[in-house]
Amino acid sequence: MTMAQEVRASDEKKLRKREWSNFLTGILFLLPSLLLFGVFLFYPMVRTVYLSLFLTSSQGVPIVFVGWDNFFALFQSTSFQLSAKATALFVLYTVPASVLLATALAVLANQKLKGIGLFRTMFSATMGMSVAASSVIWMFLFNPSIGLFNRILAALNIPGIQWLLDPQYALLSVSIATIWMNTGFAFLILLGGLQNIDSSLYESAKIAGVSDACQLRKITLPMLSPTLFFVTTVTLINAFQTFGQIDLLTKGGPMESTNVIVYSIYKDAFINYNVGSASAQAVLLFAAVLIVTVIQFKIGERKVHYQ
Amino acid sequence: MRKVELKEITKTYDGKIDVLSSIDVTIEPGEFFVLVGPSGCGKSTMLRMIAGLESITSGELALDGKRANALPPSERDLSMVFQNYALYPHLTVEQNITFGLHVKKISKKEQKVRCEEVCEMLGLTPYMKRKPKELSGGQRQRVALARAVVTEAPLCLMDEPLSNLDAKLRAKMRSEIRQLQRKLGLTMIYVTHDQTEAMTMADRMMILSNGRVQQIGRPLDVYNHPDNLFVASFIGSPPMNLIEAEVSDSMLTADGHWVMPIPNEKKWLLREDKVMLGIRPEHIKLAKESEPGFFVQVANVEVLGTETLVTFDFGEKSQWVAKWSGQYDILPGTKLRITVDNKHYAFFSVKNGKRLDRSPIPAAVKKVSS
Ligand SMILES: Nc1ncnc2c1ncn2[C@@H]1O[C@H](COP(=O)(O)OP(=O)(O)O)[C@@H](O)[C@H]1O
Ligand SMILES: [Mg+2]
């Protein structure tokens, strides 16, 4: 080995040593979250997949390996089909409406007006409310005899509706409550996104004489698209996983019309003690969320303008 | 070409502090008018009021002789280049340039023709399909310019358009903007904090400080006859050397140094006890044997190729800078004997900073005609 080669070799050795110690330091910093994720996320996930392939005892102990049988059974069960349909409808009802409403409110609240702070606080208030508290409020609003909605209908001489008890309306009612609950978070994030848009872009448009509607379409929405995309993704995933308001408002009823998958999983696992089937549903839900999110990202790539 | 008149314009944001107070100026059609002053003095505010982006607290703004205080920005028939360029990141260069033209009922075809013309003029043709983030700083700057030019508005406002560019590019763009303005016959109001830009580009300039007009005039007039201490120290690089001088029976002393005898035509100086004495760096010369002068010690030397900047201690407290053309090999610590022709001194009041002698300093402008 020549002198130069030796020097280079020792340099490389030192470099590799430094890289290795950097890696260890990094791991050390990550350890707490890795541990938490491992215990509360990765392990349960693997365990769910494992359980979904077994027939289980009422304690949730795997007894017999049955392969895909749990899944086949699900695909043939009308109850599961109803669940899937309810979930899909629920997502369809809540996600676009939540995002649209929050966007509209955010655009309104982004004006520079006196007292706008009051409206900003009001519109974002639902973010600070627990699902339980909100559900109780909505339970009162939906109450057939003393609820606000039926009183309004009565005042208009329209017969009252059994909001939460009529299979025709129950899912819609829960969706309305959910949209209200979603609004605060989506509004706040979108308002933040709006305020990040450079005001000189609007000033330049104003000098050119571009109308407000055109500014909204040509400047605000494209510039807001990354935020919109983020909010949509989060709302979508949340919609797939809705549990609290269903449990408090309808308990999956009437006639399973609001029995969304997460609620069905809960019932199968903790009421019917059929952990294998519940796990299989969880795996399917995971797959559905994954697919929808991937599709969304693929579309997003084309429509979202990152700076 | 448009005439812009500001009459007694005042602006306050909070109702207490006047950001601008009684601005009075007329900008002639086709003029390149530069608004210069340190950061925070109200330049942008003034420009934005002309553009209609900021309300006018009191006073009158007239465009071509018609009151325009309440006219919306789009009806003022002007274009504006923002400091950060305000390009739309999601649109291509071409879309950025034609953005908003549809409002003026210009057909798609005409838009394309105009855009191509402007891109050709500014060397943007190869980049028309790119997004702003795929451009260099100078190219973005050009897109912003193109967007102003393409509207064919007769009045163009620019707010520190070159401040994000490096020194070399800035010098190049200075000259390009100036040529463009001449070629298109635009009335230009150009804001900058850089006195070099003001000196090199302006037909006339206005120096602002703390929301007040300090001086309005042609660059050389301002340079040669600064109205007050602020203008004297702000315009010129390196700035004018200033020192407090005591007036004692028929002579001036500064920091213990004898400076000059008071000649007959400057006997009015005797009315003051103290004056601020100003001298431009290029007027300090090495003294010849026969000339009167004073000894100073060199503190630093910067050789810039065509000229040399010599910093020396003057008395106990102050330092002066002299600018000599040519290359000088002087070591710090050297003692030199310097002299200043009396006619080059400028005198300012110590109390209010105003220029005391109104007699013009002979200017050194050399006329060249073809
Ligand atoms: N929107 C505003 N609200 C309140 N004060 C402002 C606003 N814009 C500017 N100012 C104040 O007005 C003064 C002048 O600002 P500006 O015109 O931007 O200065 P310049 O462009 O000369 O740096 C500054 O003191 C600044 O703080
Ligand atoms: Mg400014």
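First the proteins, then the strands, lettered A, B, ... as listed; each starts at 1. No hydrogens, no waters, no symmetry mates; every other heavy atom, side chains included, goes into these values.
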Inter-chain contacts: residues 201-222 of chain A against chain B, heavy atoms under 4.5 Å:
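At a heavy-atom separation under 4.5 Å, chain B is reached by A:Leu201, A:Glu203, A:Ser204, A:Ala205, A:Lys206, A:Ile207, A:Ala208, A:Gly209, A:Val210, A:Cys214, A:Lys218, A:Ile219, A:Pro222.
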Counting only non-hydrogen atoms closer than 4.5 Å, does B:Leu91 touch chain A with its backbone (N, CA, C, O), its side chain (CB onward), both, or neither?
neither
B:Arg147 versus chain A, heavy atoms under 4.5 Å apart: side chain, backbone, both or neither?
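Only the side chain of B:Arg147 comes within 4.5 Å of chain A.
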Is it the case that more than 12 heavy atoms not belonging to [X] sit under 6.0 Å from its [atom1] atom?
| X | atom1 | answer |
| --- | --- | --- |
| B:Asn210 | CG | no |
| A:Lys85 | NZ | no |
| A:Leu36 | CG | yes |
| B:Tyr13 | OH | yes |
| A:Phe243 | CZ | yes |

Can you name the one residue among B:Leu53, B:Asp159, B:Asn84, B:Leu87 that meets side chain to side chain contact (heavy atoms under 4.5 Å, CB included) with A:Ser200?
B:Asn84
